[in-house]
Structure formats: C-alpha cells, structure tokens
Amino acid sequence: MQIITLNLNGIRAAVKKGFLQWLALQSADIVCVQELKAQLPDLSAEMQMPDNYHGYFHCAGQRGYSGVGIYTRKKPDQVIEGIGIADIDAEGRFLQADFGNLSIISIYLPSGSSGEHRQAAKFYFMEKFFPVLQNLKISNREIILCGDWNIAHKEIDLRNWRSNQKNSGFLPEEREWLSNVFENSGFVDVFRRLNAEPDQYTWWSNRGQAWAKNVGWRIDYQIATPAIAQLAQRVSIYKDERFSDHAPLIIDYDHEL
C-alpha cells in the first residue's frame, strides 16, 4: 500500500502545474491532499475523480480557503467529514476514510503565521483535536493521519531553527503538543522511523531562494498507530517537480488495502 500526502496550496493552481498528470503516473493506493482552496462546484470532473481514483472532499465554508481531500483507488467503507465541532469543521480540516480496520485521515492544521488571531485559532484547534486523537488511538483501529500539521517537531526538522523559536510552527508549545501526540498518545512519526537524516523538508517559503538553497521545514507528516507504522518500508520526498510550495511525502507500507 502506497500513500502520498501533499498540501496543494490550491488544487486549481496545482493542476495547472501538472499535478494530475503526475498523479496518473503514480502507483499510490491513496493520496491525501490539503489546502484545496476550492468548493466542490469549482472542481472539474477530472479533479474530483482522476483516472482510476475516487475523490472525496471536505471543503471549507469560506471560498478559496483550506479544505482537504482523499483520492483512493478502492472505495472506502465509509467517509467521515469533520470532528463534530462546528467552527473547526467550517474550515474543512479533517476527512476520514475507513477501509476495514484501517482509517486514513487527511488532516490540515491551521497556520498561525498570519497573525495573533490565527495563532489563537491554531491553539484552539490543537486543544480540541487532542482528545480526538486519543479517541482514535483507543478505537482498536489502525490509523494513518496524513497531512500538513504546520509544526516542525525538532531542530532537525527545519534549517533555520535558531531564528524560528518564536515563530509559529516552531513555538515551544506547538512542539510540546506534537511530542505529546507521539509520546503520550502513542502515535508514530512514520517518516522519522525510517529516515533520521537532516535536511529532509516538505515545505519551502516562496521568499528568497529557500527552495534553491533547501532552506525548508518538515511540516507534512504521516502519523500512525504503532502496528501499521511498523509496516512502513520506504519513505521519500518527491522534489523533481513542484506542484505547490510543499512536496509530496510518499510512504510504502507492507499492507494490502
């Protein structure tokens, strides 16, 4: 089973940059996407159901904002939109697809970089989402949460960590919260289970020459329950083409969907 996760930074923009052509060449069973920046009527038939994929989406109420999706070759048993908290679900940040005892979730945490009000919204989301994670963990299901968490966990996970310690995405409170996801809730950072190397990033600012100089952040994750995490065999970050300011994170699991 191969799973890809990618923040598109606008599905229509990513499609113009060749995302769907690239997707058609992949062997992924599931592709989780975030930041659609579109409503369902904005999505062409090809965007909604690319070749050999079924598409499911949880769009934000606000036009041109947020939204998550899941493309899957196999139809899920059920699809769940949102976490049941109205103001969070209005931003289109959680979509769950169930396949037998396995749940795949496309998740998009808020960014707090645009101001104090959005950082407050991010902390609010984190507070409300942690019990959801705990309930998922004790559900006796295997879980893989794929998406943009907008937090770099450790110093190895961003190039300029010293100068970003007071910036959203690397605040001590955010990093501690993510540590709790791993240490107290028992989830596994699947990429880091297989790759402990530095300079492994999934997002680069459009300012300066961040991409060219690989001055990036690792903020896109596949976070899984221990048993399914142990089945991960290969991880990679695809950087040969650019469809957004994020790169696709690709992980192969020794599991048949």
Side-chain angles (χ1 to χ4, degrees), residues 4-10 13-14 17 19 32-35 37 65-66 68 91 93 106-127 129-130 145-183 187-224 232 235-251:
I4 298 174
T5 186
L6 172 63
N7 179 314
L8 296 170
N9 193 16
K17 295 173 184 175
F19 169 65
C32 294
V33 292
Q34 302 85 41
E35 204 168 0
K37 292 185 175 180
Y65 181 74
S66 191
V68 293
E91 294 193 349
R93 297 192 176 277
S106 186
I107 181 75
Y108 179 38
L109 269 71
S111 168
S113 59
S114 61
E116 290 184 8
H117 68 296
R118 288 311 300 169
Q119 186 62 45
K122 185 176 185 179
F123 283 140
Y124 171 75
F125 181 98
M126 290 159 57
E127 176 192 352
F129 188 53
F130 196 79
L145 297 120
C146 304
D148 177 1
W149 291 64
N150 266 312
I151 302 170
H153 185 214
K154 296 184 176 180
E155 293 166 4
I156 194 176
D157 294 319
L158 71 167
R159 173 69 65 84
N160 292 332
W161 66 267
R162 288 181 179 84
S163 59
N164 278 292
Q165 293 177 84
K166 295 183 179 180
N167 291 334
S168 181
F170 201 60
L171 296 174
E173 306 96 310
E174 296 172 333
R175 297 170 62 200
E176 181 180 5
W177 181 86
L178 196 49
S179 290
N180 282 333
V181 171
F182 298 137
E183 294 162 14
F187 284 95
V188 177
D189 181 348
V190 181
F191 181 86
R192 279 295 180 219
R193 194 183 79 79
L194 295 177
N195 187 325
E197 298 298 316
D199 302 322
Q200 306 295 305
Y201 309 127
T202 61
W203 175 81
W204 299 260
S205 170
N206 285 321
R207 289 181 239 166
Q209 292 185 295
W211 168 260
K213 296 179 178 178
N214 198 27
V215 179
W217 298 54
R218 189 178 72 94
I219 56 176
D220 301 89
Y221 297 81
Q222 294 192 26
I223 293 176
V235 299
S236 63
I237 298 170
Y238 179 79
K239 296 193 287 185
D240 291 350
E241 300 169 80
R242 294 199 77 191
F243 311 114
S244 81
D245 50 354
H246 294 250
L249 170 62
I250 306 170
I251 301 185

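All residue numbers refer to positions in the sequence shown, counting from 1. For clarity, every value in this text was computed on a predicted model and none was experimentally measured.
K122 is listed as a side-chain neighbour of S168, based on a closest heavy-atom distance under 4.5 Å. With a 4.5 Å cut-off on side-chain heavy atoms, W204 and W217 do not count as touching. Residues I219 and H246 have side chains in contact (heavy-atom distance under 4.5 Å, counting atoms from C-beta outward). Between R93 and P110, some side-chain heavy-atom pair lies under the 4.5 Å cut-off. Taking the side chain as every heavy atom from C-beta outward, S163 and W161 never approach each other to under 4.5 Å. Between Y221 and D148, every side-chain heavy-atom pair lies at or beyond the 4.5 Å cut-off. Side-chain atoms of I156 and R192, non-hydrogen and from C-beta on, do get closer than 4.5 Å to each other. Using a 4.5 Å heavy-atom threshold, the side chains of F191 and Q200 count as touching.
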Checking Q34 against T5 for the side-chain contact (heavy atoms from CB on, under 4.5 Å) test, could you report, in this order, the C-alpha distance in whole Å, the side-chain angles of both residues, the deciding distance, and whether it holds? CA-CA 8 Å; Q34 302 85 41; T5 186; 3.1 Å; yes
Derivation of the side-chain contact (heavy atoms from CB on, under 4.5 Å) call for Q165 and E155: CA-CA 10 Å; Q165 293 177 84; E155 293 166 4; 5.6 Å; no
side-chain contact (heavy atoms from CB on, under 4.5 Å), that's the test. Do Y108 and S66 meet it? Break it down for me. CA-CA 8 Å; Y108 179 38; S66 191; 3.4 Å; yes
Stepwise side-chain contact (heavy atoms from CB on, under 4.5 Å) test for S205 and D245: CA-CA 7 Å; S205 170; D245 50 354; over 6 Å; no
Give the intermediate values and the outcome of ring-ring contact (aromatic ring centres under 6.0 Å, His included) for residues F182 and H153. CA-CA 10 Å; F182 298 137; H153 185 214; 5.1 Å; yes
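Here C32 contributes atom SG and I107 contributes atom CD1; the two are 10.5 Å apart, rounded to the nearest 0.5 Å. Rounded to the nearest 0.5 Å, atoms CD (E35) and OG (S111) are 8.5 Å apart. The CG atom of D199 sits 11.0 Å away from atom CG of L158, with the distance rounded to the nearest 0.5 Å. One distance of note links CD1 of I4 with CG of L249; it measures 9.5 Å at 0.5 Å rounding. Rounding to the nearest 0.5 angstrom, the gap separating the CD1 atom in I223 from the SG atom in C146 is 9.5 Å. Atoms CD and CZ, on Q222 and R193 in that order, are 12.5 Å from each other to the nearest 0.5 Å.
A salt bridge does not link E241 to K17: none of the charged nitrogens lies less than 4.0 Å from a carboxylate oxygen. Salt-bridge check for E91 with R118: passed, with a basic side-chain N closer than 4.0 Å to an acidic carboxylate O.
R218 forms no cation-pi arrangement with Y201, by the criterion of a distance under 6.0 Å to the ring centre and an angle within 45° of the ring axis.
For the residue pair Q119/S114, the side-chain donor-acceptor check at 3.5 Å is not satisfied. Under 3.5 Å, the side chains of W203 and D220 contain no donor-acceptor pair of N or O atoms.
Under the 30°/60° scheme for interplanar angles, the aromatic rings of W177 and W149 are found to be tilted.
In terms of heavy-atom proximity, V33 sits nearest to S106 at O-OG, 3.0 Å.
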